[in-house]
Amino acid sequence: MSAKLETTFRGDTGQLERRISMREKLTAAYFERERERIFRRAWLPIGHASHLPEPGSYFVRELPVLKTSLLVVRGQDGKVRAFHNACTHRGNKLVRSGAGCRKSFSCGFHGWTFSSEGELKLVTDEHQFRDLDKGALGLRPIHTQVWEDLVFVNGADAPGESLREWLGEMFDEYGGYFEQHERVASLRINVNSNWNLAVNSFTEGYHTLYLHRNSVPDYQGGKINPDRHRPFMQLFKRHHRYSAPANPDHRLTPAEALVIKYGKRIIPAFGGEMPALPPGVNPSRYEHWAFDVVQLYPNAVFLFGNNWHIELFFGPIDVDHTEVVQDLYYYRPKNAGERLSHQFFLSRGRQVFLEDMNTLEAQHAVLSSGILSHLQLSQQEMSLMHHYKVSREMLDE
Amino acid sequence: MSDALLPKGFADLRHLGEWIVPTEEGRHKKKIAADIETARRFYATVFPRMEAIIQHLNGVAWEMMGPADRNLFLLASMCMEVSHPVELGWQTTDIADAFPTSRVQFLSESAGY
């Protein structure tokens, strides 16, 4: 008889559907409702304030689900703002792409120039305009707030909830966590799949025994938890999180043993020195903790570990296409040995990610064909049930 | 191919210049383009030297690293990359059932790797 670990559930588990009908969810009409009722009302994370290190620092972020491109800028006053990346003269794209640092932004069409705070500063041949109100022609802002270094935007005219309300009790539980890590790698894939399916693939651990049997064969569960049940799951009003179980008998490969001798443990080697993690990380203080998976509804998934975290963004392009970006953040290395340790873990993590990505197009094709009428979900996939419950609520509100 | 420039003490690895690849994308593609036997031979040559490589490079300030040490770091990075298929016993260097690399965009490598 194998040992069983029973999951501790916290939060409102009522109104969850264990059979999820998908066919309607994969139609263009449904996607348009999601766009207006969910994405336009949600606080969406779009990047890091620390990636805007000085006044004038900026990056461009495409947001097709809101039918816009954003210019995210740190002003001369130090404040981070996001604007629709469009010249207010004729609507040309102000900054084509990328990131950098500028005192002002000039449109390549007619030279209208805006400050890093979004004010219209210069109009070419201004006297040829009649009744031009420059004060009303600044860049069009989008509601922007920063939480723990993450920049969020909200596309509503007047957001129904503040970012604090949107994040709920998680708002106060991650103090200082993000600033311990720096980005070491980033991958982007445009996948022919609906965004819901993409998010769902990263928010349950049931698949890890099989899908990742070659890339990380024994990193979770082990003899004490052979089915890899999550020790802890928590459902919030919009978001959810769970902890993944480490395998205390994980067998280190020779390279893995070497890199943890000269560096710190990152996935798939867990444990080691545990500093005082914020209360939101390993919230149940599970003894054999590996990492947490946190879905910031609707479309961001974070893996929070000790010395590392991963950020996944699932940007809907249309009902059938999603841009997936995976950013790896690790502790800051002190020497070449720690950098080589990073190389080991980030290359292993890439293999795991490419396995996760490879089921999506097959799932999408089958589920949109109607061959399967429903998804059948296990208790270990409760986060998917919760995802669709929150969507129902937001679509109906 | 001519021998790679490597620090004194690592002359035994100079014939491996083709494995010195400066980007994450390049290393991943080099790995999956190699057959598993070639990867195993590369690993068998470099891995026993890894501890000496780390100890040598840990004595060099990252910002002051010259081209020979940089090459050694990149060679060791490739060893880390190749260690997965070799140590996990895969039959090929590209994992079965993985999303195709040709459709993956490798973005910024901000840590300077």
Side-chain angles (χ1 to χ4, degrees), chain A residues 51 98-99 182-192 210-217 252-259 261-263 323-330 332-348 350-361, chain B residues 23-25 27-28 31-32 43-44 46-51 53-62 65 69-70 72-113:
Chain A
H51 295 164
E182 66 180 14
R183 187 166 53 187
V184 298
S186 186
L187 301 175
R188 177 165 60 203
I189 291 175
N190 283 346
V191 64
N192 302 324
Y210 292 89
L211 188 65
H212 302 317
R213 62 193 178 280
N214 294 313
S215 59
V216 275
L252 299 174
T253 66
E256 198 175 358
L258 180 73
V259 299
K261 179 178 175 184
Y262 289 96
E323 178 194 70
V324 182
V325 175
Q326 174 181 265
D327 291 331
L328 304 187
Y329 289 80
Y330 292 173
R332 290 177 180 80
K334 295 191 304 288
N335 53 37
E338 291 190 340
R339 287 172 191 271
L340 285 168
S341 181
H342 283 190
Q343 285 299 311
F344 173 86
F345 291 117
L346 74 85
S347 52
R348 182 74 75 91
R350 184 190 326 118
Q351 301 289 352
V352 177
F353 174 64
L354 295 179
E355 288 172 336
D356 282 316
M357 291 300 300
N358 205 38
T359 69
L360 297 178
E361 294 184 353
Chain B
T23 64
E24 182 195 0
E25 179 175 11
R27 288 189 289 276
H28 178 73
K31 173 189 63 183
I32 64 174
Y43 171 89
V46 179
F47 188 73
R49 304 284 279 127
M50 276 297 295
E51 191 138 17
I53 292 172
I54 291 173
Q55 288 173 357
H56 170 80
L57 291 175
N58 276 354
V60 180
W62 179 256
M65 195 175 268
D69 287 329
R70 177 81 181 156
L72 187 64
F73 176 81
L74 294 172
L75 192 67
S77 295
M78 182 59 92
C79 183
M80 295 295 91
E81 182 80 41
V82 162
S83 71
H84 311 301
V86 173
E87 293 186 344
L88 295 171
W90 300 353
Q91 299 306 305
T92 60
T93 51
D94 197 4
I95 198 162
D97 219 10
F99 196 85
T101 293
S102 59
R103 293 175 56 195
V104 179
Q105 289 176 267
F106 291 74
L107 304 178
S108 65
E109 303 190 35
S110 58
Y113 302 135

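Every heavy atom of this structure was used, including side-chain atoms; hydrogens, water molecules and symmetry mates were not. Lettering follows sequence order; numbering is per chain, from 1.
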For the student: nearest non-hydrogen atoms of A:S215 and B:W90, plus distance: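 Looking at all heavy atoms of both residues, the closest pair is CA-CZ2, 4.0 Å.
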Hey, which of [options] has the most heavy atom pairs under 4.5 Å with chain B?
{"options": "A:M357, A:E355, A:Q351, A:R350", "result": "A:R350"}
{"options": "A:N190, A:L258, A:V191", "result": "A:L258"}
{"options": "A:L360, A:D327, A:N214, A:T359", "result": "A:N214"}
{"options": "A:Q326, A:R188, A:R332", "result": "A:R188"}

Engaged part of A:E361 at the chain B interface, taking heavy atoms whose separation is under 4.5 Å: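 Contact with chain B involves the side chain of A:E361 alone.
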Considering only heavy atoms, which portion of A:V259 lies under 4.5 Å from any heavy atom of chain B: side chain, backbone, both, or neither?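 Side chain only.
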Quick one: do B:E51 and A:K261 make a salt bridge, cutoff under 4.0 Å?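 So B:E51 pairs with A:K261 through a salt bridge.
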Looking at B:H84 and A:F344, would you say the former's side chain and the latter's main chain have a donor-acceptor pair under 3.5 Å?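 Yes; judged by distance alone, with no hydrogens or angles, the pair exists.
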A:R213 side chain vs A:Y210 backbone, donor-acceptor pair below 3.5 Å: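 Here the side-chain-to-backbone pair exists.
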Does either side chain, that of A:Y330 or that of A:E338, offer a donor lying less than 3.5 Å from an acceptor on the other one?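 Not at all, the side chains of A:Y330 and A:E338 share no donor-acceptor pair under 3.5 Å.
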Tell me, side chain or backbone of B:S77 under 4.5 Å from chain A's heavy atoms, or both, or neither?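 Contact with chain A involves both backbone and side-chain atoms of B:S77.
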Would you mind checking which part of B:H28 comes under 4.5 Å of any heavy atom in chain A, side chain (CB onward), backbone (N, CA, C, O), both or neither?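 Interface part for B:H28: both.
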When A:N335 is tested against each of B:I54, B:V60, B:L57, B:N58 for side chain to side chain contact (heavy atoms under 4.5 Å, CB included), which residue passes?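 One option only clears the test, and that one is B:N58.
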